[in-house]
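In what follows, a single structure is set out as structure tokens and then discussed.
Both backbone and side-chain heavy atoms feed into the values below; hydrogens, waters and symmetry mates do not.
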Amino acid sequence: MSSRLIGVGVGPGDPELVTVKGVNALRGADVVVVPVMDTGERGRAEATVLHYVGAEKVVRVVFALNERTDRARREAAWDAAGERVAGLLREHAAVAFATIGDPNVYSTFTYLAQTVGALVPGTVVETVPGITAMQDLAARSGAVLTEGTEPLTLVPGTAGSAVLKDALHGPGTVVAYKFGRQAAEVAEALRESGRLDDAVWGSALGLPEESVRPAGELDGAQLPYLSTLIAPARREGGRGGKL
């Protein structure tokens, strides 16, 4: 029988935001792989997983998650991680991979699944959806993501300020992920587009060091890399105005 590789979304950090299906997938797998930076510290995915399965079941696999400039080094780390997980799939029927947020939204799982599929043909790849950072930030801040016919645009801060500026000048709500190192540029883009007042940002959601603040308080200082921004749509016409 083919082995299964299951990408499990474990949410943005709060262990209570892992779905029942996600917990069952973690507990039902033979081993649970968690991504580890090459610096070795415990990441959010691992910390969340350990609330539900014993450490003896967890396999730490190094990914160059903190590598943003050296593509060759980053891809070499992905290849090595893929080889490690492929070895586990040859030994076990079900291997889960825990990823923060959702496995189909800006997740390392995408690259892992592609690599493993080439190394272990016939592997069945499944995903279990997870709560995303934008959903958690919306809940914690009271920001409404969408109403009626409004679009929702999600951009990575790593794509550069021009991409964010284009989105902010468009309709609907704009969400930016991983914008912490571009906080000054983000504040300027919000100011230029007239969308600073209603915007909010958050980091370390669900963790002791959580911060949820108005975007108007952005002072240009660098924020944690995994910071999330919500710039709500401009809404007029009262309740149901966008229907």
Side-chain angles (χ1 to χ4, degrees), residues 3-15 17-18 22-23 25-92 94-120 123 125-128 130-133 156 158 177-178 180-181 203-210 224-228:
S3 294
R4 292 187 302 142
L5 175 63
I6 310 158
V8 182
V10 297
D14 184 347
L17 291 181
V18 184
V23 172
L26 294 172
R27 290 176 174 169
D30 298 305
V31 295
V32 178
V33 173
V34 295
V36 181
M37 289 198 297
D38 52 6
T39 49
E41 67 263 28
R42 177 181 292 176
R44 292 191 199 181
E46 182 178 4
T48 303
V49 164
L50 290 173
H51 279 81
Y52 297 105
V53 301
E56 72 282 353
K57 191 173 179 176
V58 174
V59 176
R60 307 176 91 229
V61 175
V62 173
F63 286 76
L65 299 178
N66 60 339
E67 180 54 71
R68 307 297 164 189
T69 57
D70 190 334
R71 182 180 179 87
R73 180 170 173 267
R74 183 173 66 241
E75 292 195 351
W78 289 346
D79 289 341
E83 291 281 2
R84 181 76 175 94
V85 174
L88 293 171
L89 284 163
R90 296 184 185 106
E91 300 171 4
H92 301 285
V95 174
F97 179 88
T99 179
I100 59 171
D102 183 277
N104 293 305
V105 180
Y106 297 132
S107 170
T108 307
F109 180 73
T110 302
Y111 315 126
L112 177 68
Q114 292 174 357
T115 304
V116 168
L119 294 172
V120 189
T123 297
V125 177
E126 303 172 3
T127 57
V128 177
I131 300 295
T132 61
T158 51
Y177 277 177
K178 306 176 183 177
R181 295 174 184 170
S203 64
L205 300 175
L207 302 177
E209 63 272 28
E210 173 183 286
Y225 174 71
L226 291 176
S227 293
T228 298

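When all heavy atoms of Lys57 and Arg27 are compared, the pair lying nearest together is NZ-O, 2.5 Å. Closest heavy-atom contact between Thr228 and Ala133: OG1-CB, 3.5 Å. Residues Val8 and Ala96 share a closest heavy-atom pair of CG2-CB, 4.2 Å. Looking at every heavy atom in both residues, Ala45 comes nearest to Ala98 through CB-O, 3.7 Å. Closest non-hydrogen pair, Leu17 versus Ile131, comes out as O-CG1, 3.4 Å. Closest non-hydrogen pair, Pro224 versus Ser227, comes out as O-OG, 2.6 Å.
Between Thr158 and Tyr225, some side-chain heavy-atom pair lies under the 4.5 Å cut-off. The closest side-chain heavy-atom distance from Val32 to Tyr52 is not below 4.5 Å. The closest side-chain heavy-atom distance from Val95 to Val59 is not below 4.5 Å. Between Arg42 and Leu50 there is a side-chain heavy-atom pair separated by less than 4.5 Å.
Ring geometry for Trp78 against Tyr111 counts as parallel: the plane angle stays under 30°, on a 0 to 90° scale with 60° as the upper cut.
Residue Arg44 holds its CZ atom at 5.5 Å from CG of Leu207, rounded to the nearest 0.5 Å. Atom CZ of Phe109 sits about 8.0 Å away from atom CG of Asn104, to the nearest 0.5 Å. Residue Thr115 holds its OG1 atom at 9.0 Å from CD of Glu75, rounded to the nearest 0.5 Å. In this structure, OG1 in Thr132 is found 11.0 Å from CD1 in Ile100, a value given to the nearest 0.5 Å. Note: Leu226 CG to Leu205 CG = 10.0 Å, rounded to the nearest 0.5 Å. Interatomic distance, CG of Leu5 versus OG1 of Thr127, reported as 10.0 Å (0.5 Å rounding).
Residues forming a side-chain hydrogen bond (donor to acceptor under 3.5 Å, both in side chains) with Arg60 (at least two apart in sequence, or on another chain): Glu46.
At least one donor-acceptor pair under 3.5 Å links the side chain of Ser3 to the backbone N or O of His92. Using modelled atom types, one side-chain atom of Glu210 and one backbone atom of Gly206 make a donor-acceptor pair closer than 3.5 Å.
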